Structures are given as structure tokens and as C-alpha cells.
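All values reported here derive from a predicted model rather than from experimental measurement. Just so you know, ligand 1 is whichever comes first in the structure, and atom 1 is the first atom listed for that ligand.
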Amino acid sequence: MRYLSTRGGMAPQPFTDVLLEGLAPDGGLAVPEAVPRVTPEQLQAWRSLSYADLAYEVLKLFITDIPEDDLRALTRATYRPEVFGGDVIVPLKPLKQGIALLGLSEGPTLAFKDMAMQFLGNLFEYVLARRGTTLNILGATSGDTGSAAEYAMRGKKGVAVFMLSPAGRMSAFQRAQMYSLQDANIHNIAVRGVFDDCQDIVKAVSGDLAFKTTHRIGAVNSINWARIAAQVVYYFHGWRIATEGAGDPMAQVSFAVPSGNFGNILAGHVARSMGLPIRRLVLATNENNVLEEFFRTGIYRPRASSETYETSSPSMDISKASNFERFVYDLLGRDPARLKALWDELAATGSFDLSAHKPQFAQYGFVSGTSTHADRLDTIRRVHTETGVVIDPHTADGVKVALPFVEPGVPMLVLETALPVKFSATIEEALGRPAPRPAGFENIEQLPQRVQTVDADVQTIKDLIAAGAV
Ligand SMILES: *Cc1c(COP(=O)(O)O)cnc(C)c1O
């Protein structure tokens, strides 16, 4: 399997070459040259596999330049009970008739990003060793991505992480999660400023090509195809556990996905394109409804950061969805020339109109809806009253938007994108008391923290990288 750019300007490359790159040289995103197909017989055979071996079967369709035994060792090293809180790795948590949570947040940082990032950590260490090189990962975070990346890369040989976060702007729990890591290859840098300042510094540092080359600067952002591929696995897993008892081997399920950068739900689209019997992909947004607007109207209009609201489901506060280009590529019949023309129009006018393609949205299974702060509080309360389960605000957006699409005989799986303890202030607002703390996280705020606080200055960050690079 080789990889192309959505915009047509990249010669076909093997997986491990695109793994360590960000955007393709033409500004596009890497996509597999063809979507692998899975037969009903394969689906049946995969029912009895462990999660790690299911991951191996799915990933080897996308990763053909790593020897199969090595790939299996990587998935087995990643999807272990000690890392994901139990043998099932991803449990199904029934809420009520027809609707269940898919428990993607049992990993070390209690959010779904661990599912892909933990694999990426092992994969990077393996590929870098094989190539005899090292990588210094530079990123900016306002929460979940940064901690998932740090927990994936901590202690890994040949990799260091330099993670910028806005000083004092994350929850105490999120700060404690990241800053309490004592590993020598993890560098927490709190920047006096806001998230956009952090992101601007990352852009400036990566834009200095000489510096980037000298220090082998890389990224682990959500456009990395390896992250998408690793996320495809849990759609297969969710399908197999939700349809276990249904005599029909091709029984359908629907998934509801709290969405921001379109990475999580894109993996669902890929799984469906591979032949997994998914009826609907329900895309949920918060007040930042760029994607809901697209699926309702066919018009894609990313917002300026000044038009992006700070909400109580902060990991979905995005102005433009970085993975969306890969879906549009499929929508346009995988035609890079048309895709490029559309993105040129977007750059020139700030939007594009694909309303003529609206019938296809339904063919691809997509429906969408939006959820507000009041909806989140109400949904957290209702789910708690009816089932005793406390859900996090992002998952609540998913539940709220899923409800009108629940159909008899089709299980609706809402992707649990985080555990509530990460966003306890909103839980307190909804339920009048803090979120339950999972074992092992009782006193995390009291642990010693390892973080440097600096001004929002590019040279300062470059100096820190030069001093700590591997
Ligand atoms: C990252 C994140 C999302 C959004 O996922 P995308 O892949 O960006 O669409 C939703 N909820 C939580 C808790 C997240 O961390």
C-alpha cells in the first residue's frame, strides 16, 4: 500500500515515509492509494481475536512496509490490559435501550486520543531505530492532544517531546497530568499567552527549515495517517461487540462521534468504506458548528479564531477541521485536481459550496447535529438520573445529537471521547458535585510538577529545543 497526496503533488510513498512527515509537500494530506476492502468472512473471523490482534489485522492492510511479525509485536505491545485498564481494552457501556457508550477512554490520559497515540509511540520508536535516526516532536496543546502525546512518547528511545501549553489556561487536572511527568525526554513548556500564541511559535519554529533540519523537528498532529488508521480499528471492534448476539453476520450499527478536527469520524468513514456494515455516522459538534453546517447545507466555511467560541467541550472548539480534506477527496471521486481547485477557492474566498453533492452525504451514512452548553448540562443530568453513569461534556454532545437517530434494531454506539474527571467543573455545574476519580488519580494535583514557564518568544523556545534535543 502506497500513499498519495489529496492534492496530487506527491509521488507514491510507502507508509513509513509518510509517517514521519506532516503535510505533503504540496500542502495536501497523505491518503492510501486505494481503500482496502474487507469481506464478510474476514469480519466473522475477526470476531474472536483479541483487540491487539484485531488491530494487527486492520493495520496490516494499511502498513505493508513493516514485517508482519514486527507489526504484530507492536500492536501487542500497545493494546495491553495494563495500559488500557482491562482485558477488553475498549468496553461497551450500555446506557439504555438501543444506545451504548464505546469506552475509548480507558488509556493512560483518560481520553480517546490514547487509542492511536499509544500505538504511534511504539511505532515511532521502532521506525526511528530501524532508520538510525531521532526525532524531536514539537507541539502546542490546550489539553488532550499534548498529554496523549507525552504519555505515548515518555521514555521512548530516539524521541523527545517539546510541548507548549498556555500558562494557567488548562484545568488543574490536565496540568497535573502533563506536568507531573518526570521523564527526561518530555519537556513541558508553559507559555505566557493563549493557545494561539503557542501555535504561532510552533509554526515559526517549524517554518525555519534550517533549524527544523538540524534538530529533526517533527509533529504528531491529528493529520498523521497512522493515527487515523489506528482509530479505524475500534469501529471494527465496536461493531463486533454490539452485534455479537444478532444472528445476522452483516448486522448494522450506527456510531455517534463528538467531532472537532474530523479525525475520529474520518476513521469511521474509512471503516465504512472498507466494508464494515455501518448504517449511520452521526457527527456531533458543539457551538462551533462548522461541520454540522457543512452536512446541513453543503457549504464549508471555516471560522476565524476570533469567531471560535470557548465552550465547555473545549476539545471540539475548532475553527477549521484539519482532516476534513480527506473526506472531501472521497466526495470528489478521489480527484486531486478537483480537490486542489476547491482548496484554492477556499483560500481565495473563505468558503466553498458542495451543496450539489448533498445526496452523497447520506450515501456515505453521514448525518449531523449540534449541541449547546445547556444541552450538555441537561444530557449529563439525564444520563446520570436514568442510568447512574456520569459522562464527560464531549460525550454528552455525542449522546444529545445521537438520540433522534436511534433506530429499532440498530445499536447506536456513542464514542466516549474522554472520562468526566478531566472536565470536572462542568460536571459540578450539571450535577452539583465533582466527577468520580478513577483509581490512581486521587492525588494527582499534589505530585511534583516539571514545567518551565517562559515568555511567548520564538528564540527562547528554540534555545530550549537545542538544549534538550535527542
Ligand atoms: C480530540 C477530541 C475530540 C475531537 O476529536 P477529532 O478527532 O478532533 O474530531 C472530541 N472529544 C475529546 C475529548 C477530544 O480529546
Side-chain angles (χ1 to χ4, degrees), residues 29 101-118 120 139-152 165 170-171 173-174 177-178 195 220-232 234-235 255-271 281-292 294-295 302 308 311-327 366 368 370-371 376 379-380 391-402 414-424 426-427 435:
L29 273 60
L101 299 181
L102 187 63
L104 300 175
S105 301
E106 310 294 316
T109 76
L110 313 180
F112 88 95
K113 292 191 173 69
D114 289 331
M115 293 304 304
M117 207 75 93
Q118 285 289 317
L120 214 65
T141 189
S142 53
D144 288 346
T145 308
S147 56
E150 292 189 356
Y151 280 76
S165 50
M170 295 189 299
S171 73
F173 186 88
Q174 283 183 313
Q177 261 192 323
M178 283 180 60
F195 174 66
V220 287
N221 40 35
S222 68
I223 57 164
N224 192 304
W225 180 262
R227 284 181 63 181
I228 305 297
Q231 290 171 182
V232 169
Y234 52 69
Y235 285 90
F255 291 95
V257 190
S259 295
N261 267 321
F262 205 80
N264 201 354
I265 201 164
L266 178 78
H269 165 69
V270 174
L281 288 165
V282 183
L283 180 142
T285 68
N286 63 21
E287 290 88 337
N288 297 295
N289 66 336
V290 181
L291 294 168
E292 180 273 332
F294 173 77
F295 284 102
T308 306
T311 75
S312 49
S313 44
S315 299
M316 295 156 66
D317 291 348
I318 58 99
S319 42
K320 77 181 209 316
S322 50
N323 267 297
F324 184 59
E325 182 170 335
R326 288 184 168 123
F327 174 70
F366 273 88
S368 70
T370 193
S371 164
R376 277 190 281 290
T379 307
I380 292 168
I391 58 173
D392 110 285
H394 308 79
T395 309
D397 288 332
V399 171
K400 148 78 175 58
V401 173
V414 180
L415 272 47
E416 183 180 42
T417 54
L419 293 193
V421 69
K422 298 196 84 168
F423 304 96
S424 198
T426 302
I427 305 304

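In this structure a side-chain-to-backbone donor-acceptor pair under 3.5 Å is present from Asn224 to Ala226.
For Phe112, the ring-ring contact (aromatic ring centres under 6.0 Å, His included) test picks out no residue, with sequence neighbours left out.
Residues Phe327 and Phe295 place their aromatic rings such that the two centres sit under 6.0 Å apart.
Remark: of the listed residues Asp397, Asn286, Thr285, Asn286 is the sole one forming a side chain to side chain donor-acceptor pair (under 3.5 Å) with Thr311.
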Could you tell me, for ligand 1, which of its N or O atoms are under 3.5 Å from any protein N or O, listing the pairs and their distances rounded to 0.1 Å?
from     : atom 1 : to     : atom 2 : distance (Å)
ligand 1 : 7 (O)  : Gly263 : N      : 3.2
ligand 1 : 7 (O)  : Asn264 : N      : 2.9
ligand 1 : 8 (O)  : Asn261 : N      : 2.7
ligand 1 : 9 (O)  : Gly260 : N      : 2.7
ligand 1 : 9 (O)  : Asn261 : N      : 3.2
ligand 1 : 9 (O)  : Phe262 : N      : 3.1
ligand 1 : 11 (N) : Thr417 : OG1    : 3.0
ligand 1 : 15 (O) : Lys113 : NZ     : 2.5
ligand 1 : 15 (O) : Asp144 : OD2    : 2.5

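One distance of note links CG of Leu419 with CG of Leu104; it measures 10.0 Å at 0.5 Å rounding.
Using a 4.5 Å heavy-atom cutoff, the side chains of Ile427 and Ile380 are in contact.
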